[in-house]
Amino acid sequence: MSGEPDALAVVNQLRDLASDPLNRRAIVQDQGCLPGLILFLDHPNPPVVYSALLALRYLAECRSNREKMRSELGMMLSLQNVIQKTTTPGDTQLLATEVYDLLQASGTADGDCMNEMNSRRRKAQFFLGATNKRAKTVVLHIDGLDDTSRRSLCEDALLKIKGVISFTFQMAVQRCVVRIRSDLKAEALATAIASTKVMKAQQVVKGEAGEELLLPFQDTPVDVEQNTDLPDYLPEDESPMKEQDKAVSRVGAHQDGGSSWLSTAANFLSRSFYW
């Protein structure tokens with residue numbers, strides 16, 4: 001069994017677990033998962049790095065996690081390395097910058113820090129091109145987003161779109177909050193979700209009175225530029241973690257032995273990445 005598929009399977013599992021707000025504090029408090037994600041930031045496989053950044057972005061959404069994440073050995077330095085590498089893809093750079101800024105802001109809010117953060121943002125945005133001066137957020141209501149298998153289908157579709165930075169699911173209300181580059185049209189997200197054949201997206205916007213409105217997209221699909229450097233993620237029946245399914249809690253599942261998936265991931269990280 002090669003190390004690379006193992007790494008991708010494990011970081012994708014941690015990313016999926018981190019997408020559930022109920023798991024985020026436990027992941028950060030675990031002694032193995034956070035150091036493992038930091039090691040993934042230096043992995044030679046770009047999809048592993050991107051997936052690790054998505055996991056860190058999810059974890060940083062919990063404000064109580066940020067100080068511990070910021071002070072974790074190697075965290076800020078590894079994020080800086082990802083941002084500063086000339087070979088880092090633009091989307092990955094922007095996501096790393098977003099995580100870095102969130103964690104840095106948790107430690108200090110003085111003017112020098114803010115200037116450094118703004119400078120770092122400008123540097124990352126330079127690599128995205130002159131038309132991508134900032135990211136934007138699109139909120140989607142997704143008909144058919146009613147279980148974890150549908151969520152996985154939607155996630156896979158969004159990950160393949162070039163220009164998607166990060167996304168968070170709100171399963172209870174069938175919504176997905178997506179951060180995208182400013183030059184990416186929301187219609188591209190709808191086209192990708194429609195390609196699943198089982199889900200359909202509408203955009204959530206605010207009306208003049210502040211009320212939420214659902215705007216349907218046109219049925220005509222638009223061309224979607226895909227991430228050619230991101231391979232298809234391992235399906236469950238091919239995942240090397242299959243034999244450990246009973247030890248790994250699925251997103252949204254809360255069992256009495258809920259900490260066992262952390263032990264499984266931590267054991268793998270200790271075995272495979274601490275050299």
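The figures here come from the full heavy-atom set of this structure, side chains too, leaving out hydrogens, waters and symmetry mates. Starting from 1, each residue takes its place in the sequence as its number.
In this structure, the side chains of R66 and R63 come closer than 4.5 Å at one or more pairs of heavy atoms. Counting heavy atoms from C-beta on, the side chains of P35 and E72 come closer than 4.5 Å. Using a 4.5 Å cut-off on side-chain heavy atoms (C-beta onward), L56 and L34 make contact. Proximity of V10 to F40: side-chain heavy atoms (C-beta onward) are separated by under 4.5 Å at one or more points. By the 4.5 Å heavy-atom criterion applied to side chains, V49 and N45 are not counted as neighbours. Side-chain contact check for R179 versus E98: some heavy-atom pair is nearer than 4.5 Å. Looking at heavy atoms from C-beta onward, T92 lies out of side-chain contact with P46 at the 4.5 angstrom threshold.
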Test N81 against L41 for side chain to side chain contact (heavy atoms under 4.5 Å, CB included), laying out the working first. CA-CA 9 Å; N81 289 340; L41 295 179; over 6 Å; no
Apply the test salt bridge (charged side-chain N to carboxylate O under 4.0 Å, His left out) to residues E155 and R150: give CA-CA distance (whole Å), side-chain angles for both, the deciding distance (0.1 Å), then the verdict. CA-CA 9 Å; E155 184 178 68; R150 295 285 180 87; over 6 Å; no
Any chance you could lay out the side chain to side chain contact (heavy atoms under 4.5 Å, CB included) test for L14 and C33, step after step, and finish with the verdict? CA-CA 8 Å; L14 286 172; C33 290; 3.9 Å; yes
Show your reasoning for whether side chain to side chain contact (heavy atoms under 4.5 Å, CB included) applies to M199 and L153. CA-CA 9 Å; M199 289 177 284; L153 280 176; 3.9 Å; yes
Show your working on side chain to side chain contact (heavy atoms under 4.5 Å, CB included) between R151 and D16 and close with a plain yes or no. CA-CA 10 Å; R151 186 193 61 78; D16 290 346; 4.0 Å; yes
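Listed here is the closest heavy atom pair of I161 and A188: CD1-O, 3.8 Å. A pairwise comparison of heavy atoms in A192 and A157 identifies O-CB, 3.6 Å as the closest pair. Across all non-hydrogen atoms, the minimal contact from Q29 to K68 is NE2-CD, 3.8 Å. Here the closest heavy-atom approach between residue A201 and residue A190 is recorded as CB-CA, 4.3 Å.
Salt bridge status for E212 with R175: present, with a side-chain N to carboxylate O gap under 4.0 Å. Using a 4.0 Å cut-off between charged side-chain N and carboxylate O, R181 and D91 make a salt bridge.
Residue R15 holds its CZ atom at 12.0 Å from CG of L53, rounded to the nearest 0.5 Å. The CG atom of N23 sits 11.5 Å away from the SG atom of C62 when rounded to the nearest 0.5 Å. To the nearest 0.5 Å, atom CG of residue L77 and atom CD of residue Q84 are 8.5 Å apart. Taken to the nearest 0.5 Å, the CG atom of L102 stands 11.5 Å off from the CG atom of L59. Summarising the geometry, atom CG belonging to L189 is positioned 8.0 Å from atom SG belonging to C176; distances are rounded to the nearest 0.5 Å. Rounded to the nearest 0.5 angstrom, Q170 CD and I142 CD1 are separated by 10.5 Å.
In this structure, D42 contributes its side chain and S78 its backbone to no donor-acceptor pair below 3.5 Å. R24 places no side-chain N or O within 3.5 Å of a backbone atom of N65 that could act as its donor or acceptor partner. Checking side-chain atoms of T191 against main-chain N and O of E187 turns up a donor-acceptor pair under 3.5 Å. A side-chain donor-acceptor contact under 3.5 Å links T88 to the backbone of V82. Side-chain N or O atoms of Q174 include none that pairs as donor or acceptor with a backbone N or O of D143 at under 3.5 Å. Side chain of Y50 to main chain of L95: no donor-acceptor pair is present (N/O by atom type, distance under 3.5 Å, no hydrogens or angles). Within the 3.5 Å criterion, the main-chain N or O of V48 finds no donor-acceptor partner in the side chain of S51. The backbone N or O of A26 lies less than 3.5 Å from no partner atom in the side chain of D30, so there is not a single donor-acceptor pair. Remark: side-chain polar atoms of K200 are not paired, donor with acceptor, to backbone N or O of F217 under 3.5 angstrom.
Relative ring orientation between F167 and F169 is described as perpendicular, the plane-to-plane angle rising above 60° on a 0-90° scale split at 30° and 60°.
Cluster annotation: V139 is not connected to I180 through the hydrophobic network of ILVMFWY side chains, with a link wherever side-chain heavy atoms come within less than 4.5 Å. Hydrophobic clustering, with ILVMFWY side chains joined whenever heavy atoms are under 4.5 angstrom apart, keeps V204 apart from V138. Side-chain heavy atoms closer than 4.5 Å link hydrophobic residues (I, L, V, M, F, W, Y) into clusters, and following such links, even through other members, never connects M171 to V177.
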